[in-house]
Amino acid sequence: MIQKLETAAAEADKTSPRAEIRIYNTLTRQKETFEPVVPGKVGIYLCGPTVYSASHIGHMVGPVIFDTIKRFLAFNDYAVSFVVNITDIDDKIINQAAKEGCGIEELSKRVTEDYQKHLKSLQVEVDHFPFATKYIDHMLKMIGTLIEKGHAYAADGDVYFDVTSFAGYGKLSNRRIEELMAGARKEVSDIKRNAADFALWKGAKPGEPSWPSPWGNGRPGWHIECSVMSSALLGETFDIHGGGLDLVFPHHEDEIAQSECCNGKTYAKYWLHNGLMQYTNETRKIGAREGDFASQEEGKMSKSKGNIRTLTDLFSKFSPETIRYFLLSTHYRSPINFSDERIQEVAGGLTKIHTLAELVARVLGESFYTLKAPTKRAPLAWETNSPFLTDVAEYRRRYLEYMDDDFNTGGAIAVVGELVTALNRFAGDKNLDASSAKAEDKEQFRKGTVVLKELVSILGLLLDAPKNAAAGDDGLLSKVLELMIELRKEARQSKNFALSDRIRDGLAQIGVTLQDGKEGTRWKLES
RNA sequence: GGCGCCGUAGCCAAGCGGUAAGGCAGUGGAUUGCAAAUCCAUUAUUCCCCGGUUCGAAUCCGGGCGGCGCCUCCA
């Protein structure tokens, strides 16, 4: 009963600043109310890539999701610091560099640039990209502390973490040490005390890149870089640690063990894990016979399965914004089925918003893309004194409710779609596209449009006008097309539809779409 | 074998104790010379199956069946 009352109170206040945000925490396996470690500030650390080969779509899921979380928290008036690490030293990099016959710096630099370029095109705004090789000193210090405290031991040039020394080992992935011992691989060398112990430092083999250390020349083990860089940039206890579901064990489990043993403090407060990209072979799905084609393996996208899709390839077919929209169209914890058909299907919703943006430009005489909307959460600045505005307010409330509930972008996007339909309907009913439109109706439309802008900006969408949008073009192309339209108009007036259709079809073939409206014919380039 | 996740219309997908959002595709209609775009209407007595708890379950519990992830590098 009491709980019901509290819920009702929260319900009434969905639109206020710093509303209650619920987050699913992998550590506790339930949704918790978000409370930052330091009031008003939020640190987010996301596990980035090991830079040894070109990024694929799966690498973008986390960044897009966590960038959206960042935007939403910033909207809720938190000062957010978003860190994505770059692991630029690892066996895989060494092997790949050897294969390509180049230095590891050259390889990691090239791959990092590729990765960052794609994040930028997806509108992902990262505050810090720490590189593992820049934090070797910090790592050595941490390893030293762990040895001093009895949680780690040097053996044969390597240093291992003793998992039996940490009572909390296994708490994130819900594993028990005994089970890990039983299931461990036989290849385990005698130098480890326990089969589940993991390397903090690896002694270098001849010819490998290495750094000097008290235990001999070597390089860091996997995991240590995240523990070190997150605390260096966000503090020993920080708010949100994210990554793909496949990193829960052993990576995140080991990070917790190292950091909590070293600092004696809680490491990350909330652990969020995104679902993994699944590859779907549509052809197979609709029942082609086995062996009809060289089918790629279905399931998780991974290099070992050979079913990855590089971004460079993907972006030649879809805009980064479409990919972002696609990634946000479902809940972040669910796996996403990937296929071109799926993206194509989802993309329609985005196109509809862009089409509305064109209408907005015509009605308001102002670009939707540069429209100013509130960037901080606050109650609506206007009265809901009409059915239309009441609906707009309700859509906004529902959108925020979805986002407050574990960043449910899929639900939020559905509401955006409803808002778009409402705006289109209102514009149609009130004939806003005509010069006779009433100022007061335009004003209402404007209010609704600003809300749309506000909501869509949180998702990092519709931030820029599409590259090939024709709206502002006043060059030669525009003049030629105006002439074509004029000629077609004359043909239509004299009922010469064969000619008018020839003009329209001909233009369509070269990528120009004509649309007849009450106020004349518009043209736009195929996107 | 151990630890988890998931199964909602043709497809995608919200809802997670109070009587099934939304999108795509389809169908019908408005608009159009015909289109395009847009709008309207329509598509699950039912949420994999069987039990149980409850006044009430897609939602909670138990048992099946099916799919998937991790336990080894992976976002």
Side-chain angles (χ1 to χ4, degrees), chain A residues 26 29 31 46-50 52-53 55-66 84 90-92 95 115 170 173-176 178-180 182-185 187 196 222 242-251 253 273-278 282 285-286 298-305 308 326 329-331 333-337 341-342 344-349 351-352 355-356 358-359 398 402 405 408-418 420-429 433 492-493 495-498 500-501 504-505 508 513-518 521-522 524:
Chain A
T26 306
R29 300 190 185 269
K31 283 183 194 171
L46 173 69
C47 285
T50 297
Y52 71 103
S53 70
S55 308
H56 64 263
I57 175 80
H59 290 124
M60 299 294 124
V61 180
V64 167
I65 295 299
F66 286 92
V84 177
D90 178 90
D91 293 0
K92 292 191 293 290
N95 294 339
Y115 177 73
S173 56
N174 196 20
R175 284 167 160 80
R176 278 175 299 164
E178 310 83 72
E179 283 162 1
L180 292 170
R185 294 282 167 107
E187 65 184 66
W222 184 40
L245 216 38
D246 53 350
L247 293 181
V248 175
F249 187 89
H251 188 53
E253 192 71 60
H273 291 97
N274 59 266
L276 305 176
M277 183 69 68
Q278 304 292 121
E282 293 289 332
K285 212 171 175 185
I286 56 177
E298 297 197 21
K300 189 179 92 172
M301 199 172 278
S302 65
K303 293 185 182 95
S304 57
K305 282 192 177 180
I308 58 153
F326 169 70
S329 68
T330 184
H331 189 94
R333 273 187 286 118
S334 311
I336 311 176
N337 273 109
E341 292 80 357
R342 186 99 299 137
Q344 196 71 60
E345 228 173 83
V346 171
T351 305
K352 197 165 157 179
T355 303
L356 176 70
E358 291 166 20
L359 175 68
R398 280 175 54 213
Y402 273 123
D405 184 11
N408 190 344
T409 55
I413 279 185
V415 177
V416 166
E418 291 179 69
V420 171
T421 298
L423 251 6
N424 271 321
R425 183 173 47 227
F426 185 76
D429 288 351
D433 216 350
R492 292 176 72 204
Q493 276 165 351
K495 307 272 185 216
N496 187 351
F497 296 124
S500 70
D501 287 352
R504 186 174 63 194
D505 296 345
T513 309
L514 294 190
Q515 299 186 351
D516 298 327
K518 287 199 178 77
T521 298
R522 294 188 301 273
K524 71 183 208 183

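In the text below, chain A, chain B and the rest are named by the order of the sequence lines, each starting its count at 1.
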Quiz item: With a 4.0 Å cut-off on heavy atoms, is A:His331 in touch with a base, just the backbone sugar-phosphate, or nothing at all?
Solution: sugar-phosphate

Practice problem: Using side chain to side chain donor-acceptor pair (under 3.5 Å) as the criterion, list what pairs up with A:Thr421, not counting sequence neighbours. | Solution: A:Lys352

Practice problem: Would you mind telling me which residue lines up with the more 5' stretch of RNA chain B, A:Asn274 or A:Val415, judged by nearest nucleotide? | Solution: A:Val415

Quiz item: Are any non-hydrogen side-chain atoms of A:Glu253 and A:Arg175 less than 4.5 angstrom apart?
Solution: no

Quiz item: Choosing from B:G22, B:G33, B:U38, which nucleotide comes nearest the side chain of A:Asn424?
Solution: B:U38

Practice problem: Find the distance A:Arg492:CZ to B:U32:P and express it as a whole number of Å. | Solution: 11 Å

Quiz prompt | side chain to side chain contact (heavy atoms under 4.5 Å, CB included) assessment of A:Ile336 paired with A:Arg342 | solution = CA-CA 10 Å; A:Ile336 311 176; A:Arg342 186 99 299 137; over 6 Å; no

Quiz prompt | 5′-ward residue of the pair A:Thr513/A:Gly417 relative to RNA chain B | solution = A:Gly417

Quiz item: With a non-hydrogen cut-off below 4.0 angstrom, is A:Gly348 in contact with a base, only sugar-phosphate, or nothing?
Solution: nothing

Quiz item: NA contact type, A:Gly48, heavy-atom cut-off 4.0 Å: base, sugar-phosphate, or nothing?
Solution: sugar-phosphate

Quiz prompt | For B:C5, the Watson-Crick or wobble counterpart (both distances under 3.5 Å) | solution = B:G67

Quiz item: In the strands shown, is B:A58 matched to any nucleotide by a Watson-Crick or G-U wobble pair with both distances under 3.5 Å, and which?
Solution: none

Exercise. Using a 4.0 Å heavy-atom cut-off, write out nucleotides 4-10 of chain B from 5' to 3' as B (base contacted by protein), S (sugar-phosphate only) or - (no contact).
Key: S------

Quiz prompt | Rounded P spacing from B:A30 to B:C68 in Å | solution = 48 Å

Quiz prompt | Whole-Å gap separating P (B:G15) and CZ (A:Arg398) | solution = 12 Å

Quiz item: Got a donor-acceptor pair under 3.5 Å from the side chain of A:Arg504 to the base of B:A35?
Solution: yes

Quiz item: Between atom CZ in A:Arg522 and atom C1' in B:A37, what is the gap in whole Å?
Solution: 7 Å

Quiz item: For the side chain of A:Asp516, counting heavy atoms from C-beta on, which of B:A35, B:C40, B:A14 is nearest?
Solution: B:A35

Quiz item: Nearest to the side chain of A:Ser500 - B:G33, B:A75, B:C40?
Solution: B:G33

Quiz item: Given atom CG of A:Asn337 and atom C1' of B:A13, what is their separation to the nearest angstrom?
Solution: 12 Å

Exercise. Decide yes or no, distance alone: a donor-acceptor N/O pair under 3.5 angstrom between the base of B:C70 and the side-chain of A:Arg175.
Key: yes

Practice problem: Look through every strand shown and name the nucleotide pairing with B:G17 as Watson-Crick or G-U wobble, where both distances are under 3.5 Å. | Solution: none

Exercise. For A:Phe497 and B:G33, say yes or no: do the ring centres fall under 5.5 Å of each other while the ring planes differ by less than 30°?
Key: yes

Quiz prompt | A:Val415 side chain reached by A:Tyr402 side chain, heavy atoms, under 4.5 Å | solution = yes

Quiz prompt | Pairwise P distance, B:G62 and B:C3 [rounded to whole Å] | solution = 14 Å

Quiz item: Expressed in angstrom and rounded to an integer, what is the separation of A:Asp501 atom CG from B:U32 atom P?
Solution: 16 Å

Self-check item: Residue pair A:Asp405 / A:His331, side-chain heavy-atom distance below 4.5 Å
Solution: no

Exercise. Please name all residues satisfying side chain to side chain donor-acceptor pair (under 3.5 Å) with A:Thr521, sequence neighbours left out, ordered by chain then number.
Key: A:Asp516

Quiz item: Which base, if any, makes a Watson-Crick or G-U wobble pair with B:C73, both distances under 3.5 Å?
Solution: none

Quiz item: Within the pair A:Thr330 and B:A14, is there a side-chain N or O less than 4.0 Å away from OP1 or OP2?
Solution: yes

Quiz item: Using the C1' atom in both, what is the distance from B:U19 to B:G23, to the nearest Å?
Solution: 24 Å

Quiz prompt | Rounded distance in Å between the P positions of B:G51 and B:A58 | solution = 14 Å

Self-check item: P gap between B:C47 and B:A20, integer Å
Solution: 12 Å

Quiz item: Say you pick atom P in B:G63 and the same atom in B:G2; how far apart are they, in whole Å?
Solution: 13 Å

Quiz item: Who passes side chain to side chain donor-acceptor pair (under 3.5 Å) against A:Gln344, sequence neighbours left out?
Solution: none

Quiz item: Can you tell me how far the CG atom of A:Leu356 sits from the CG atom of A:Leu423, to the nearest 0.5 Å?
Solution: 5.0 Å

Exercise. With sequence neighbours excluded, tell me which residues meet side chain to side chain donor-acceptor pair (under 3.5 Å) with A:Asp433.
Key: A:Arg362

Exercise. May I have the step-by-step check of salt bridge (Lys or Arg N to Asp or Glu O under 4.0 Å) for A:Arg398 and A:Glu418, ending in yes or no?
Key: CA-CA 11 Å; A:Arg398 280 175 54 213; A:Glu418 291 179 69; 3.0 Å; yes

Quiz item: Can you tell me how far C1' in B:C6 sits from the matching atom in B:G56, rounded to whole Å?
Solution: 26 Å

Practice problem: Classify the nucleic acid contact of A:Leu359 as base, sugar-phosphate or nothing, counting any heavy atom under 4.0 Å across all strands shown. | Solution: nothing

Quiz item: Of the nucleotides B:C73, B:G69, B:G33, which has the atom closest to the A:Leu276 side chain?
Solution: B:G69

Practice problem: Could you let me know what B:U46 is paired to, Watson-Crick or G-U wobble, both distances under 3.5 Å, or none if it's on its own? | Solution: none

Quiz prompt | Nearest-Å distance for atom pair CG/P, residues A:Asp246 and B:A75 | solution = 7 Å

Quiz prompt | Rounded distance (Å) that lies between atom C1' of B:A30 and atom CG of A:Asp429 | solution = 12 Å

Self-check item: Proximal nucleotide (of B:C73, B:A14, B:C70) relative to the A:Phe249 side chain
Solution: B:C70

Self-check item: Residues which pass salt bridge (charged side-chain N to carboxylate O under 4.0 Å, His left out) with A:Asp91, listed by chain and number, not counting sequence neighbours
Solution: A:Lys202, A:Arg219

Quiz item: Rounding to the closest angstrom, what is the interatomic distance between B:C16 and B:A21 at atom C1'?
Solution: 14 Å

Quiz item: Which base sits across from B:C34 as a Watson-Crick or G-U pair, both distances under 3.5 Å?
Solution: none

Quiz item: Taking only side-chain nitrogens and oxygens of A:Lys352, does any of them come within less than 4.0 Å of OP1 or OP2 of B:C39?
Solution: yes

Quiz item: Quick one: which of B:G69, B:C40, B:A21 gets closest to the side chain of A:Thr421?
Solution: B:C40

Quiz prompt | Side-chain N,O (A:Asn408) to OP1/OP2 (B:A14) below 4.0 Å | solution = no

Quiz item: Looking for any heavy atom pair under 4.0 Å, which part of the strands does A:Glu418 touch: base, sugar-phosphate only, or nothing?
Solution: sugar-phosphate

Self-check item: B:A41 pairs with, by Watson-Crick or G-U criteria that keep both distances under 3.5 Å
Solution: B:U27

Quiz item: Could you give the CD1-to-P distance, from A:Ile413 to B:C12, as a whole number of Å?
Solution: 18 Å

